[in-house]
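Below: the structure, in structure tokens.
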Amino acid sequence: MTKFLSFSAALLASLSATALTAPAFAQAPAAAEQNSADARLRALYEAEWQWRMREFGQIKEEGEWTSGGHLPQVDAESHLRRLAYWEKTLAALNEIPFDQLSQEERINAAVFRTNLEHDIADARFREWEMPFDSDSNFWSYLNPRQGYRTAEEYRRYISRMRDIPRYFDQHIVNMRAGLGRGFSVPRVTLEGRDSSIVPFTSIDMAENPFFNAFEDMPNTISEAEQAKLRAEAEAVIRETVAPAYSELLTFIREVYFPNTRKTVSAADLPNGEAYYLSNIKQYSTLDLTPQQIHEIGLKEVARIQAEMKETIAETGFKGSFQEFLQFLKTDPRFYAETPDELMGVSSYVAKRVDGKIDDVIGFLPRGRFTILPVPDAIAPFYTAGRGGLGSCLMNTYNLPVRPLYNIPALTLHECAPGHSFQAALALEAPERPDFRNETYFSGYGEGWGLYTEWLGQEMGIYRTPYEEFGRQSYEMWRAVRLVIDPGIHAMGWSRDKAIDYLASHTALSQHEVETEVDRYISWPGQAVAYKLGEMTIRRLRAKAEQTLGDKFDKRYFHDTILGLGSVPLPVLEAEIDRFIAGGGQNPHAEETDGAS
């Protein structure tokens, strides 16, 4: 009989395997040694970052990295060349004495190492032969969400459009290779996904999303230049972009879809067990087995379900748990009648967060965000929302499956103080290497996002038992992932069993349930990061509260987490331990004093 570890025990076991143990941080190296080790490390990661940006077609403009005039090379030879470079770089990193690094550079080294290990693992599994899944793909994000500021940016955009045929051809070669060895997206998760390609095949500029960026150009570009750029874009879209998308659509429909695998588990892929374990480590940054994660999930499901029943009692509803879920899914009072109504609810939540944010976070970013609808081309298969730098997306497609009682938790997670807020802080972080500003670990980032949903209780964001139940349902949704993801990929669960389990434990609509399960099937391991990360943060907060007592200030605790930027969870644990050992002080005290 397998003995399952508790979450805390399993987490401690994973931490013991890392270089970030407390003794490693305990003593500062001598100045000369530190300077030498720090310099070697900086030279290594700066060189790798410059090389990486060239490889993936990025340029630096006004202090920020942005897309250049071409798309990256994605052929197998280029991927193998990158693998060799990363293996050589990791070997060089291993030669730098960790114990001689300064405190900040130890964090940089841990992040850099984790990035390299993930890149190497992906390349060894030849991930490029399966370049999309039911949630994300390589064809829907080549056009911007919004327009550009300068004529030069528009010219680079047009240049990238000209590069699309070559880019797609290389992906098609890779996908054929994946099909040949049984390394593909499961067929059952791809139903209808080809429709996301269709809008880009249009030669009507009013319908093709690539032309959207030219519809409202800034007046800093002269009218004559605008007309020239529009004419050039129309020609490129008509003669290059639309035909390339049409060829891709034909390949996807006639070749790829009919030949994808009929199974759903990652275990059925070549070297599938190792592939799934690698994905768990990549997304969670923890050394946990599928069995451990499954057991953690079962315990969380039981805990949250008890809390949900208490909330149901507050509503006065008389009936079973399943009857309450059916009531929520079918009563029209809980659903928006227009997209603007849903967007308005989300926007109002975001403004109420603005009024409370000072109570929970001390250091605020200058950057702001807008709330936009998910683009029509991808909305049918997109998640309920997604946050990022500068904008936060809300899905207004098929409003009868978008309950308004979920919007407060969703807005907290995706917008503020979740991902959009988090991204602005990370970008504005002072004196941090470029690779740190552009790094994202799901365990940290999604863990914070889910934690902010819980934090919304302290902020007074949930005004009714239904909204609180929406939050609990979202938490349950993430806990259920810990059960379902390893269930599918390591324990033989079918798609139907996963759908039934998710539907019976949450207030998600059937459409959302099926979309989510297909995402777990086609993106092994990613879904476990949210709850594992959130549990880590909440456990560390409880530890800080108990140890610091009256000295604990949640603003400083949150500032410490956010001030780190995206880091592996073992690094976060080590840094919170330092925060506690230092008395829970304001991590931005010197900056505040300097400003005064």
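What you see is a predicted model; the values in this text were computed from it and never measured. Counting from 1, the numbers follow the sequence of the chain as shown. Just the heavy atoms: all of them, side chains too, but no hydrogens, waters or symmetry mates, feed the values below.
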What are the two closest non-hydrogen atoms of [X] and [Y], and how far apart are they?
X      : Y      : result
Thr560 : Pro587 : OG1-CG, 3.6 Å
Pro290 : Ala490 : CB-CB, 3.7 Å
Ala110 : Pro568 : O-CG, 4.4 Å
Pro417 : Val353 : CD-CG1, 4.1 Å
Ser284 : Leu532 : CB-CD1, 3.9 Å
Val567 : Tyr444 : O-CB, 3.2 Å

With under 30° as parallel and over 60° as perpendicular, where do the rings of Tyr440 and His419 fit, or are they tilted in between?
-> perpendicular
Using the six-membered ring wherever Trp is involved, compare the ring planes of Tyr45 and Phe112 and label them parallel, tilted or perpendicular (cut-offs 30° and 60°).
-> perpendicular
Assess whether side chain to side chain donor-acceptor pair (under 3.5 Å) is satisfied between Arg113 and Asn94, documenting all intermediate values.
-> CA-CA 9 Å; Arg113 174 180 298 279; Asn94 290 336; 2.8 Å; yes
[X] side chain to [Y] backbone, donor-acceptor under 3.5 Å:
X      : Y      : result
Thr452 : Leu412 : yes
Asn586 : Tyr556 : no
Glu428 : Gly367 : yes

When rounded to the nearest 0.5 angstrom, what distance separates [atom1] in [X] from [atom2] in [Y]?
X      : Y      : atom1 : atom2 : value
Phe441 : Leu572 : CZ    : CG    : 12.0 Å
Leu83  : Arg124 : CG    : CZ    : 6.5 Å
Arg42  : Ser102 : CZ    : OG    : 7.0 Å
Leu425 : Ile361 : CG    : CD1   : 7.5 Å
Ile280 : Leu286 : CD1   : CG    : 10.5 Å
Leu540 : Glu545 : CG    : CD    : 11.5 Å

Close side-chain approach of [X] to [Y], heavy-atom, < 4.5 Å:
X      : Y      : answer
Arg40  : Glu95  : yes
Arg471 : Trp454 : yes
Met394 : Ser347 : no
Trp493 : Ile484 : yes
Ile461 : Leu455 : no

For Ser566 and Thr439, what are the C-alpha separation, side-chain angles and deciding distance, and is it a side chain to side chain donor-acceptor pair (under 3.5 Å)?
-> CA-CA 6 Å; Ser566 196; Thr439 290; over 6 Å; no
Do [X] and [Y] sit within salt-bridge range, that is, some charged N less than 4.0 Å from a carboxylate O?
X      : Y      : answer
Lys543 : Asp577 : yes
Glu446 : Arg478 : no
Lys531 : Glu534 : yes
Glu458 : Arg541 : yes
Glu516 : Arg481 : yes

Determine, for Tyr85 and Arg81, whether the Lys NZ or Arg CZ falls below 6.0 Å from the six-membered ring centre while staying within 45 degrees of the axis.
-> no
Residues in side-chain contact (heavy atoms from CB on, under 4.5 Å) with Arg126, at least two apart?
-> Ala76, Leu80, Trp128, Glu129, Arg181
State yes or no: are the ring centers of Phe469 and Tyr405 separated by less than 6.0 Å?
-> no
Do the two ring centres, one from His558 and one from Tyr451, sit under 6.0 Å apart?
-> yes
Evaluation steps, salt bridge (Lys or Arg N to Asp or Glu O under 4.0 Å), between Glu55 and Arg52 = CA-CA 5 Å; Glu55 284 289 309; Arg52 181 186 293 264; over 6 Å; no
For Asp287 and Lys281, run side chain to side chain contact (heavy atoms under 4.5 Å, CB included): C-alpha distance rounded to whole Å, both residues' side-chain angles, the deciding distance at 0.1 Å, then the answer.
-> CA-CA 6 Å; Asp287 288 313; Lys281 177 64 180 290; 3.1 Å; yes
Of Glu104, Glu105, Glu46, the residue whose pairing with Arg436 passes salt bridge (charged side-chain N to carboxylate O under 4.0 Å, His left out) | Glu104
Residue pair Glu300, Arg538: steps toward the salt bridge (Lys or Arg N to Asp or Glu O under 4.0 Å) verdict | CA-CA 13 Å; Glu300 279 293 280; Arg538 287 182 62 176; 5.9 Å; no
